[in-house]
Structures are given as C-alpha cells and as structure tokens.
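Data block below; observations after.
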Amino acid sequence: AQSVTQPDIHITVSEGASLELRCNYSYGATPYLFWYVQSPGQGLQLLLKYFSGDTLVQGIKGFEAEFKRSQSSFNLRKPSVHWSDAAEYFCAVGRRPGNQFYFGTGTSLTVIP
Amino acid sequence: DTAVSQTPKYLVTQMGNDKSIKCEQNLGHDTMYWYKQDSKKFLKIMFSYNNKELIINETVPNRFSPKSPDKAHLNLHINSLELGDSAVYFCASSPGGTPYEQYFGPGTRLTVT
C-alpha cells in the first residue's frame, strides 16, 4: 500500500537559518512526488514536483528537494528561511491510474525572529 | 483570474441538514477532486472525476454525493449532516492523465452544530 510519512509534526527555526523537512514514502513503482505549502486559512500551493530525471529539483520561493530512491525519501530544503515561510508543509505521492494523491500528515513550520 | 474556486468559503449548519459545496475550475483540466481535511490537518481524497466520469470513490458515507454537470464543475452534496462532517473541504483539479500536479481551491470550512 502506498503511504507517505512526515516524521516531524512541528519544526521551529530562526529566520535566516536553513531548513530541512523530511518525507519518506512507500510505493511499489516509480513515485511521482510533490511538496505543497498551506498558509493559514489558505488552500494548498505547489512548491515543487519530481517525476523523473535529475534527483535535485528546484521549486518556487527558493525551495528545493532531493529524491533519494535508496532511502525512499524526498526531503525539502531551503538555505535561508524567511518569516513568511511559516506554514504547513505537505509531502504527497501521486499514483497511477487516476492521479490519486496520498498526502503525508504535514509538518508545521514556525519561524522565530 | 481564480484558477479553482469554491463556494461558499464558510458554511455553518445544524445536524440533519443537507448542504452543497460548489467548485469550478477555469484551467481547462479534465480531472477534478474532492478532499477532506480534518482538524489535525490530515488530507484525504474523497472523490475524483475525469471528464464528468467518477474514477475515484474512496470509502466515504453515501450521504456524500459528488455531481459533475460539466468538465469545469464538481459539486459536493452532503445529506443529513453530522457533527463528524465538520472539516475543511478542498476541491482540486489536474490535467488528464498522469502524472500531474493538482491545483487546489481555497477550501470550504464546514461547521456542523
């Protein structure tokens, strides 16, 4: 069965510090992986995606993620966090057919000045 | 232009009532989805339609009935509302086929009293 695990429920970082959010997936075939961000009271916005090719993918807002097949991981990183990055972050794996998404439970990010 | 829109944004109603949430996308996508986000932020897919045809129907009470009058609209009707139906409901859309990212609406916060 497909599943997505985000081990960190809540992370607090200082503004300007680096960030890494962890995501592990369980999927029998080639995964289609996504990171979404949800600001308070808002819908989900796509940060980046991985389908194939280069395992380091760049996204919006200065985020990047690295796909590691051997570790079944797709961790999200940002070198310098801004206060506006405080939000909920969701990792997701997409499955054929039907493009069904399985979401992780989310990681809540707090940024302190 | 709003890509995926939902109405209403907030819905407060009493147990036993019937209510509908509407979703429209102007992206020309073939596939639309309904998700439920519970109080712990967990996102779970409920339904998916492709070109007005139901393709994903997760285990949800049959009080929930999706209706897709055309490719651009997917409405969610809920009969006999229960307290446990209180949640945020998100509509999403994606181009046909897989894999593709999904574009989310702003959500409808349903509160059942």
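Residue numbering restarts at 1 for every chain, and letters A, B, ... go by the order of the sequence lines.
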Closest non-hydrogen atom pair, B:Phe90 against A:Gln38: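 The pair with the smallest heavy-atom distance is CZ-NE2, 3.2 Å.
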Minimal non-hydrogen separation, B:Glu101 against A:Phe34, with atom names: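 Smallest heavy-atom distance, with atoms named: CA-CE2, 3.5 Å.
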Please tell me whether [X] and [Y] are part of a single hydrophobic cluster in this structure, the criterion being side-chain heavy atoms less than 4.5 Å apart.
X       : Y        : result
B:Met32 : B:Tyr100 : no
A:Phe63 : A:Val93  : yes
B:Tyr10 : B:Leu110 : no
B:Phe47 : B:Leu81  : yes
A:Ile11 : A:Leu47  : yes

Cationic N near anionic O, under 4.0 Å, A:Glu88 to B:Lys41: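 Salt bridge flag = no for B:Lys41 with A:Glu88.
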Atom CD1 of A:Ile9: over 12 foreign heavy atoms under 6.0 Å: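 Counting neighbours around CD1 of A:Ile9, 12 or fewer heavy atoms of other residues, nucleotides or ligands fall under 6.0 Å, so no.
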Aromatic contact, B:Tyr35 with A:Phe103 (centres under 6.0 Å):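 For B:Tyr35 and A:Phe103, the ring centres are under 6.0 Å apart.
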Ring centroid separation B:Phe104 to A:Tyr36 under 6.0 Å: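 Yes; A:Tyr36 has its ring centre under 6.0 Å from that of B:Phe104.
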Region of A:Leu44 that comes under 4.5 Å of a non-hydrogen atom in chain B: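 It is both, since atoms from each part get that close.
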Part of B:Lys44 within contact of chain A (heavy atom distance under 4.5 Å):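 When you check distances to chain A, no heavy atom of B:Lys44 falls under 4.5 Å.
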B:Gln6, part contacting chain A, at a heavy-atom distance under 4.5 Å: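 Neither part.
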